[in-house]
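Let me begin by presenting the structure, written as structure tokens, before commenting on it.
All of these numbers come straight from a predicted model, not from anything done at the bench. The sequence lines fix the lettering, A, B, ..., with proteins before strands; numbering per chain opens at 1.
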Protein chains: 2
Amino acid sequence: MEDVVKTAEAPVPAGAVKTKTRKGEQTRAQILDTALRLFLERGYEETTMRGIAEEAGVAVGNAYYYFKSKEHLIQAFYERTHHEHLAASREVLARERGLRERLLGVMRAKLDTIAPYHQFAGILFKTAADPKSPLNPFSEESLPVRQQATDLFAEVVTGSDTRLTAELTAELPNLLWIYHMGIILYWIHDKSPGSEKSYRLMERSVKLVLRLVSLFQFPLLRPFLRELLGMVADLRGGTQEGLRP
Amino acid sequence: MEDVVKTAEAPVPAGAVKTKTRKGEQTRAQILDTALRLFLERGYEETTMRGIAEEAGVAVGNAYYYFKSKEHLIQAFYERTHHEHLAASREVLARERGLRERLLGVMRAKLDTIAPYHQFAGILFKTAADPKSPLNPFSEESLPVRQQATDLFAEVVTGSDTRLTAELTAELPNLLWIYHMGIILYWIHDKSPGSEKSYRLMERSVKLVLRLVSLFQFPLLRPFLRELLGMVADLRGGTQEGLRP
DNA sequence: CGCTTTTGTTGAACGCGTTCAAAACGGCGC
DNA sequence: GCGCCGTTTTGAACGCGTTCAACAAAAGCG
């Protein structure tokens, strides 16, 4: 019964599309889907590689042929929510012009998209905190994701009707990215129902951030800002080689 | 040969000291010492519970009688550096009166004391980031350590010759603790030789922090400060039940 | 001293993530 | 058809952290 499947796929018009589906793509997808489903159903720790393989109808070794480790399976999660967040943010950014509304919308979208995964957010960040993990925000492997996230914050700023000084515009996206990581860190440990505390923190801190930003437009505070931006710039491209390729 | 040891210990004068040495204390210490030594010699991942037990001359199960898990063995590390830091800080605080010198000294002491453990700082923080881990700074088990750390920052402030408003004095220690965690987070990922980047970040950011503090003494910025402190106060005792017992 | 209870100790066994040599498959030239 | 070679798949095996029923040693007690 199962053996017939192999030719059931639409035969690719020769050479038309550079078919990556070397047949393994199917298996890969199957394993990944099964893994994500089981992670959600049972939690990360409780889901075993043997379980995933069995449910996916393959041998354990096969899962390791496509994914270097169990952790690498979570990375798919990370990327999935990341893309959901990008999509949700684009809606907000197309609609809103005010800096506050834009930032607030993007941040709210973030919390909304990651909400379903709060149960094993701990594991996700546990591994993310490990410098050796591929999930580590500073790692080589997550560079594209981080870049996109920073770009998103850049658009929050540049697409708004608020005009800022050039130097602030240049560095603010990075600062906002760090800020948003801080909020997520809080969210992870937040045990309040519906993560309401995280939402409250986010809303209040967004206000503060914007107040800070406008404060720093004052010439009086310019030297302070200079020092801050100088420090951040100095240290970038530093913690990890990957930061500035 | 080994059997003779049992009575070699000085017999405790009956009832004089509430001897906690129910004989197990020796074993416990032996296991812990061996573990810490092996962690340093071989690294955390490479050190096995079997290896620890063997070198300590006990059975594996015995190690688990004294320590709930391998992670709990690291916690001893955490506490050890913590106490070293407290000691080093006390020296600084006894010597210096200026707020900047005090904060700078305490922060420098922190980086200095944790320096030897940079190689497996990753593991330490990997597990520390997990909400379920005992090493998690917000967890019940690390409450005393966190409390002492916050108290330390309180003394940095109150023992200095700089006078601050009451509300700032009340909340600043908590903010400084969070700040210092941020620096450590950077340090973990810092691959620069001698962690020099972390030291530079620390020095520059201390300056900024102090500038911020003095800025907020201006009446003009008072509402901003109010909002900030209000937010922090609102959210404390929230992420984890343990925060305010 | 003998007894019970508490404390300490053992090592086999379990389930896990991961590895790897070997096998099966699939397309391609002949 | 046959042989070849890279891709895919297998499952037994390894080493690990951890558990647990059983046992031993020490402490308390009459």
Side-chain angles (χ1 to χ4, degrees), chain A residues 2-9 11-12 14-15 19-32 34-35 38-39 42-54 56-74 123 126-127 130 132-134, chain B residues 2-9 11-12 14-15 18-32 34-35 38-39 42-54 56-75 123 126-127 130 132-134:
Chain A
E2 298 145 320
D3 315 4
V4 198
V5 176
K6 51 181 173 185
T7 45
E9 298 301 311
V12 189
T19 342
K20 295 208 71 174
T21 316
R22 300 184 76 85
K23 139 78 180 174
E25 288 304 307
Q26 270 178 260
T27 319
R28 183 194 176 84
Q30 177 132 48
I31 293 168
L32 186 58
T34 311
L38 291 187
F39 285 163
R42 315 178 179 173
Y44 179 73
E45 310 268 60
E46 289 70 28
T47 304
T48 72
M49 290 302 279
R50 286 169 177 80
I52 294 170
E54 191 177 356
V58 299
V60 263
N62 205 5
Y64 282 92
Y65 180 75
Y66 292 103
F67 301 94
K68 279 208 282 267
S69 73
K70 198 182 173 188
E71 280 191 11
H72 277 77
L73 278 167
I74 322 189
I123 315 298
K126 172 185 167 134
T127 69
D130 183 357
K132 279 177 280 181
S133 164
Chain B
E2 299 144 321
D3 315 3
V4 198
V5 177
K6 50 182 173 184
T7 47
E9 298 300 312
V12 189
K18 190 65 178 244
T19 343
K20 295 211 67 172
T21 316
R22 304 183 74 85
K23 140 78 178 178
E25 290 303 306
Q26 271 177 260
T27 320
R28 181 195 177 84
Q30 176 133 48
I31 292 168
L32 185 57
T34 311
L38 291 187
F39 285 164
R42 315 178 179 172
Y44 179 74
E45 310 270 56
E46 289 69 28
T47 305
T48 72
M49 291 301 280
R50 284 169 177 82
I52 294 170
E54 191 176 358
V58 299
V60 267
N62 205 6
Y64 281 93
Y65 180 75
Y66 292 103
F67 301 93
K68 278 209 283 267
S69 73
K70 197 181 173 188
E71 280 191 11
H72 277 77
L73 278 167
I74 322 187
Q75 197 165 15
I123 315 296
K126 172 186 164 131
T127 69
D130 184 357
K132 279 176 280 181
S133 165

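Between D:dT9 and A:Thr27, a contact under 4.0 Å exists linking OP1 or OP2 to a side-chain N or O. B:Tyr66 has no side-chain polar atom (N or O) that falls below the 4.0 Å cut-off from OP1 or OP2 of C:dT7. Neither OP1 nor OP2 of C:dT10 sits under 4.0 Å from any side-chain N or O of B:Tyr65.
Here C:dG8 presents its P atom at 15 Å from CD of B:Gln30, a figure rounded to the nearest Å. Separating the CD atom of A:Gln26 from the C1' atom of C:dG26 is a distance of 14 Å, rounded to the nearest angstrom.
Among the heavy atoms of the strands, none lies under 4.0 Å from B:Phe67.
Across all non-hydrogen atoms, the minimal contact from A:Arg42 to A:Thr47 is CB-OG1, 3.8 Å.
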Point to revise | Worked check of side chain to side chain contact (heavy atoms under 4.5 Å, CB included) between B:Thr48 and B:Glu54 | key: CA-CA 10 Å; B:Thr48 72; B:Glu54 191 176 358; over 6 Å; no

Exercise for review: May I have the step-by-step check of side chain to side chain contact (heavy atoms under 4.5 Å, CB included) for A:Tyr44 and A:Glu71, ending in yes or no?
Suggested key: CA-CA 10 Å; A:Tyr44 179 73; A:Glu71 280 191 11; 4.0 Å; yes

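To the nearest 0.5 Å, atoms OG1 (B:Thr27) and OH (B:Tyr66) are separated by 4.0 Å. In this structure, CD on A:Gln30 lies 12.5 Å from CD1 on A:Ile52, to the nearest 0.5 angstrom.
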Check your understanding: Could you run down nucleotides 14-24 of chain C 5' to 3' and tag each one B, S or - for protein heavy-atom contact under 4.0 Å?
Key -> --BBBBB----

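Taking the side chain as every heavy atom from C-beta outward, A:Tyr65 and A:Arg28 never approach each other to under 4.5 Å.
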